[in-house]
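Shown next, in structure tokens, is the structure this report addresses.
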Amino acid sequence: MDLHHPLFQSVVLPLSTAAVLAGALRMAGRREGFGPRIAPHAALAGLTLSAALVLGIEVGAPLSATAKLAWVFAACLVAGMVASALRLRAAYAAGAAAALLAMLGLWLAWPQIGTGRGPAIAALAGFWLAAIALLGASGLGARTADTGHGASPLAALVIGSLGLAGVAFQSGSLVLFQLALALAAALGGVGLWNWPVARDRLDAAATIVPMLAATLLAFATWLLTGASPLALALLAGIVAAPPAVRHAIPRARGTAIEPLLVAALAVVPALVAVWLAAPGAAAGPYYQGR
């Protein structure tokens with residue numbers, strides 16, 4: 001297969017990398033007990049590898065916003081594995097993710113902020129506040145994650161990433177479309193180990209860090225394409241799907257059908273978000289190398 005084919009870079013590579021690495025980490029750390037905690041972070045490893053292949057690895061300044069994304073995902077991967085290894089509590093993991101979100105978001109947007117774009121600064125601040133609130137909610141929800149099926153958060157994140165891919169495509173950037181698709185595929189690779197039976201321990205970090213990567217990718221989509229903020233806000237709300245399903249259908253809690261119901265519920269805002277982003281497709285060409 002052509003290593004430069006978009007299908008390989010965005011689907012085959014991240015999915016297979018995440019699935020194989022998650023299995024290897026589970027087996028390698030089974031005796032010590034850290035394997036099931038670290039294994040879910042294989043999704044970020046698959047995403048980082050895909051981003052490196054799609055965008056290339058650039059060292060030195062200045063870097064374009066898209067070139068920074070591979071490094072952003074690598075930073076999320078390292079932070080997540082450290083947080084899981086240290087067994088950070090949900091509140092601490094959410095706080096650390098919020099701080100990392102602020103630093104990486106500032107780095108991504110620095111050229112625009114450095115030129116004195118007041119609206120960009122205001123929008124960035126608002127985006128941070130919304131994302132921090134979502135991260136905090138996710139972290140608090142992770143305390144009771146053992147009451148539901150372990151694959152439910154992954155199902156919500158997969159659908160959210162697919163929705164983000166649709167928004168990026170409609171907004172005119174095939175590069176960001178590929179990266180969002182890679183995130184969904186990588187999360188799916190980890191999900192293969194956790195459905196119908198949940199085998200890994202999705203602690204707070206394992207739930208928050210993929211959301212952190214998705215948040216930064218959504219911010220880059222808004223920054224580079226001018227995608228609809230309302231569409232991105234709808235995608236962010238998908239994080240509420242797992243607790244909504246557990247509350248609405250108590251009998252499904254902890255069963256293999258719970259992740260399927262979560263995915264079905266998450267599809268609705270994802271499709272609406274893609275529809276809202278549709279007018280942006282007329283603003284630019286099919287492919288923008290941004």
Side-chain angles (χ1 to χ4, degrees), residues 10-47 50 80-81 84 90 138-139 141-165 180-211 213-214 235 237-271:
S10 304
V11 179
V12 178
L13 178 65
L15 191 151
S16 58
T17 299
V20 171
L21 186 57
L25 289 172
R26 290 184 71 256
M27 290 185 288
R30 183 177 299 173
R31 291 184 178 180
E32 293 78 5
F34 68 84
R37 289 199 315 275
I38 299 296
H41 297 293
L44 265 294
L47 173 62
S50 178
M81 294 191 70
S84 289
S138 173
R143 294 177 179 174
T144 56
D146 57 347
T147 63
H149 196 285
S152 291
L154 290 174
L157 288 170
V158 166
I159 299 301
S161 299
L162 290 174
L164 181 56
L181 199 61
L183 176 57
L187 289 166
V190 173
L192 293 175
W193 288 98
N194 291 278
W195 191 86
V197 178
R199 297 179 176 86
D200 297 327
R201 302 170 190 168
L202 269 71
D203 58 9
T207 304
I208 291 174
V209 171
M211 190 187 302
L235 292 176
I238 289 177
V239 69
V245 167
R246 289 196 293 267
H247 178 74
I249 312 176
R251 291 185 178 181
R253 179 178 298 179
T255 66
I257 198 174
E258 181 187 325
L260 301 180
L261 294 174
V262 168
L265 177 60
V267 163
V268 177
L271 290 176

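Excluded from the calculations below are hydrogen atoms, water molecules and symmetry mates; all remaining heavy atoms, backbone and side chain alike, are included.
Residue N194 comes nearest to A151 through the heavy atom pair O-CB, 3.3 Å, listed as atom of the first residue, atom of the second, then distance. What you find for V262 and P242 is that their closest heavy atoms are CG2-CA, 3.7 Å. Minimum interatomic distance between A252 and L261 (heavy atoms only, all atoms of both residues): CB-CD1, 3.7 Å. Contact record, T207 with P153: CG2-CB, 4.2 Å, taken as the closest heavy-atom pair. Across every non-hydrogen atom of W195 and A256, the tightest pair is NE1-O, 2.7 Å. Across every non-hydrogen atom of G80 and V209, the tightest pair is CA-CG2, 3.5 Å.
Side-chain atoms of L44 and P210, non-hydrogen and from C-beta on, do get closer than 4.5 Å to each other.
Going from atom CG of L13 over to atom CG of L47 covers 10.5 Å, rounded to the nearest 0.5 Å. Annotation: the span from I238 atom CD1 to L164 atom CG amounts to 9.5 Å, rounded to 0.5 Å.
V267 is linked by a side-chain contact (heavy atoms from CB on, under 4.5 Å) to I159, L271, counting only residues two or more places apart in sequence or in another chain.
The backbone N or O of M81 lies less than 3.5 Å from no partner atom in the side chain of S84, so there is not a single donor-acceptor pair. In this structure a side-chain-to-backbone donor-acceptor pair under 3.5 Å is missing from S50 to G46.
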Cut-off 3.5 Å, no hydrogens considered: what does the side-chain donor-acceptor table look like for residues 180-187, sequence neighbours left out?
none

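The side chain to side chain donor-acceptor pair (under 3.5 Å) test with S152 singles out one residue from E258, R253, R246, and that residue is E258.
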